[in-house]
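Chain letters run A, B, ... following the sequence lines, proteins first, then strands; residues in each count from 1.
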There are 2 protein chains.
Amino acid sequence: MVKPVTIKDIAQHCGLSVATVSRVVNGKGAVRAETVEKVEAAIQALGYRPSMAARALKSASSMTLGVIIPSLTNPVFAETAAGLQQRARELGYTPLILSSDYDDALELGAVENLLAYQVDGILLTVNDAAASAALQRLDEAGFPYCLMHNVPRHRVAGYIGVDNFRAAAEVAERILAQGHTRIGMISGEFIRTDRARDRHAGFLAGLKYAGVALAQLVQVDPVNATGLQQALTAVYEQSEESPTAWFCSNDLLALAAIAQLERMGKRVPDEISIVGFDGIQAGALRAPALTSIRTPNLEIGSAAVDLLLTQLNDTSSGTGRKLGYQLVAGGTLAETSVIRDGSTPGKTQDTPFQLFNESKDDA
Amino acid sequence: MVKPVTIKDIAQHCGLSVATVSRVVNGKGAVRAETVEKVEAAIQALGYRPSMAARALKSASSMTLGVIIPSLTNPVFAETAAGLQQRARELGYTPLILSSDYDDALELGAVENLLAYQVDGILLTVNDAAASAALQRLDEAGFPYCLMHNVPRHRVAGYIGVDNFRAAAEVAERILAQGHTRIGMISGEFIRTDRARDRHAGFLAGLKYAGVALAQLVQVDPVNATGLQQALTAVYEQSEESPTAWFCSNDLLALAAIAQLERMGKRVPDEISIVGFDGIQAGALRAPALTSIRTPNLEIGSAAVDLLLTQLNDTSSGTGRKLGYQLVAGGTLAETSVIRDGSTPGKTQDTPFQLFNESKDDA
DNA sequence: CTACAGGATGTAATCGTTTACATATACGTA
DNA sequence: TACGTATATGTAAACGATTACATCCTGTAG
């Protein structure tokens, strides 16, 4: 374990003061071209790297961005993290990524931890923006942050996300357009996240607009799919008047539902239609592809970085943006086979239909 | 943006010196119980958090572990990161996660970056352990690290992974046991990663042991699935003697292959069998489930943390461990329908068959 | 009663940078 | 020649913590 090279070593090696070396490293202040070369040569030769710890200590900035996401393994947040990491790298920042495991206490702990690391700002997705101790802590401290995926009703420092309510309402519209009348919803983290709640509310609103009521609401702990199995079995054993279409509040749940239905001998989409939410890769990697709302996860990450950084420079700039989503047609949503008018039973819509929308902040 | 509270503020507030406060914070050195209480109260009241930057600067340790993985969105590495983060948190360490995008230059850059952050050690997955500039850099500096997923032939500071060669050989054995004779392999990152190479070599060895040659080798860029589509179409248009079973060097590829085959009208597993590698969730979330080798990703992460930390304390301890893998039966591998002996065509093996193995280091 | 042990606390150096300020050198101009 | 003005470099004080060492108690043994 070799002792690391410091700025002093470089200075000594070049017969210069540390100040000059520092000026060369940071490219600010006047330094003779010849000297610059000499210093840079020494840096190369000795393999010097400035200590971020010392830099962070002296100057307030650490060029580090704190990141808190609910889960590293959820493809949605993994993509968001990837997008943000990419953008941060482009701008010379290093992201410090922590996961909260959907736990409010860990969420707060993560914030405290990041604050101790003197990150320049924090990008985060909280369970419920309206009731987050972590967020409250940040607001109290006046610490710069930008929410990702959360689109809160109250005023926040910044946010980037999609309009879950509206997207879910459009899903309802699409399902209704296929002639379904008995429609259910499967939600996972319903009680826990504001996103799940918005999707639920939006879906209900969409149905209600057409005068249709939600036939079934299945809530399962997203951790164990066994809950889903039991719930679905119960629903279809119980009555013949069971849903012909389900909206699942995320794709993982949708895929689990499809697998379970197929295990129960129900064909998707011939007998039962399924629509997910998120647009994860696993949904596209099946035939037929999962019909879903695709959220621009990478962009949410990168846009959040940009928003946070503008905030850092110019305090009290725009507080947020809703990004566009996309309804990917896939093949798991089809005309209902119950009320049929002579057309091919359960025929999948074949023209891929997409929907774009984007709106400026209105918080 | 409030100025953060420092140790000095606490000292002043209590009428004590910073030394005493520091002793209370770190719980070392003799302090009167009464004083401890007073200081702790002040810490609570003022909301003090010690600056990691200052701590890292003064003491050599930053309680931070560097992490480099090829991709945040690949479920394998996402799980590894989750496992490692979990374990690190338990031990009071904070992981600093960077992704290399399978790029050797970024890999090296990430190492430099982490070194600048004065992490206490590095956990990483490199493309090719035998030819990694990043690894060489770490070895030269004598910097403590532990590889994850890479199981190199040469001596390294530490590694945790599975025996890809052996696992792939067992896959060959299982496929052969189902009566297949025309067997292909689909590999993605073939040229790029040592894992893909080991899996290829192991699969070949497994086939060879039974006197069978590989019928087809399809290599595709994992980024665009279009390569796969064209390759598979070509293979099955060309001849009737095309493979009845494929081994895919990872699950993402396997799922893409299944989707493509089904789009081509081939049924899996009735007509064609598919076996993947990794055991990702998306493979389990389909009916029938993907037959695959499940690698203990979470454990690889947590074990790597443990190994690295023992190394930090006691230099030159054990250099590595191979963890057990598991062949999950799934339902995409079936008896070949070509040579049939009256049994149900393409019947899926129904008894879930598992295989465990674990071996100590022998590097 | 003195001395000394040992507990509790303070003093100050240090870690590797950045940066305001001081100093030195060179050049053109009055 | 002397002086102002850049331009190039050095000096030294921070940043917030840790920690060896000094100091000041208090109690107890000789």
Taking only side-chain nitrogens and oxygens of [X], does any of them come within less than 4.0 Å of OP1 or OP2 of [N]?
{"X": "A:R55", "N": "C:dG16", "result": "no"}
{"X": "A:Y117", "N": "D:dG16", "result": "no"}
{"X": "B:R32", "N": "C:dT9", "result": "yes"}
{"X": "A:S17", "N": "D:dT11", "result": "no"}

Hey, are [Y] and [X] close enough side-chain-wise for a donor-acceptor pair under 3.5 Å?
{"X": "B:Y117", "Y": "A:T64", "answer": "yes"}
{"X": "A:N127", "Y": "A:T193", "answer": "no"}
{"X": "A:S302", "Y": "A:Q86", "answer": "no"}
{"X": "A:S71", "Y": "A:T73", "answer": "yes"}
{"X": "A:N150", "Y": "A:D194", "answer": "yes"}

Minimum-distance nucleotide to [X] side chain [options: [options]]:
{"X": "B:A54", "options": "D:dT11, D:dG16, C:dT11", "value": "D:dG16"}
{"X": "A:L57", "options": "C:dT17, D:dG16, D:dT7", "value": "D:dG16"}
{"X": "B:K28", "options": "D:dT19, C:dG10, C:dT18", "value": "D:dT19"}
{"X": "A:T6", "options": "C:dG16, D:dT11, D:dA20", "value": "C:dG16"}
{"X": "B:A30", "options": "C:dG7, C:dT17, D:dT9", "value": "C:dG7"}
{"X": "A:A19", "options": "C:dT19, D:dT9, C:dG10", "value": "C:dT19"}

Taking the nucleotide of DNA chain C with the nearest heavy atom to each, does B:S59 or B:T20 sit closer to the 5' end?
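That would be B:T20.
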Which whole-number value in Å describes the distance from [X] [atom1] to [N] [atom2]?
{"X": "B:K58", "N": "D:dT18", "atom1": "NZ", "atom2": "C1'", "answer": "5 Å"}
{"X": "B:K8", "N": "D:dA17", "atom1": "NZ", "atom2": "C1'", "answer": "10 Å"}
{"X": "A:N26", "N": "C:dT19", "atom1": "CG", "atom2": "C1'", "answer": "10 Å"}
{"X": "A:Y48", "N": "C:dT18", "atom1": "OH", "atom2": "P", "answer": "6 Å"}
{"X": "A:R23", "N": "C:dA22", "atom1": "CZ", "atom2": "C1'", "answer": "12 Å"}
{"X": "A:Q12", "N": "C:dT17", "atom1": "CD", "atom2": "C1'", "answer": "16 Å"}
{"X": "B:L16", "N": "D:dT23", "atom1": "CG", "atom2": "P", "answer": "20 Å"}
{"X": "B:I7", "N": "C:dT9", "atom1": "CD1", "atom2": "P", "answer": "15 Å"}

Can you name the closest pair of heavy atoms from A:D101 and B:R89 and give their distance?
OD2-NH2, 3.3 Å
Identify, residue by residue, the members of residues 35-46 of chain A with a heavy atom below 4.0 Å from DNA chain D, and return them in order of residue number, or none.
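Heavy-atom cutoff 4.0 Å gives A:T35.
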Just checking B:S22: base, sugar-phosphate only, or nothing, at a heavy-atom cut-off of under 4.0 Å?
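Base contact.
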With ring pair (Phe, Tyr, Trp, His ring centres under 6.0 Å) as the criterion, how do A:H149 and A:F77 come out once you've worked through the C-alpha distance, each side chain's angles and the decisive distance to 0.1 Å?
CA-CA 9 Å; A:H149 296 282; A:F77 302 115; 5.3 Å; yes
So does B:E90 have more than 12 non-hydrogen atoms from other groups sitting under 6.0 Å from CD?
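For B:E90, atom CD is crowded (more than 12 foreign heavy atoms under 6.0 Å).
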Do A:R49 and C:dG16 have a side chain to base donor-acceptor pair shorter than 3.5 Å?
no
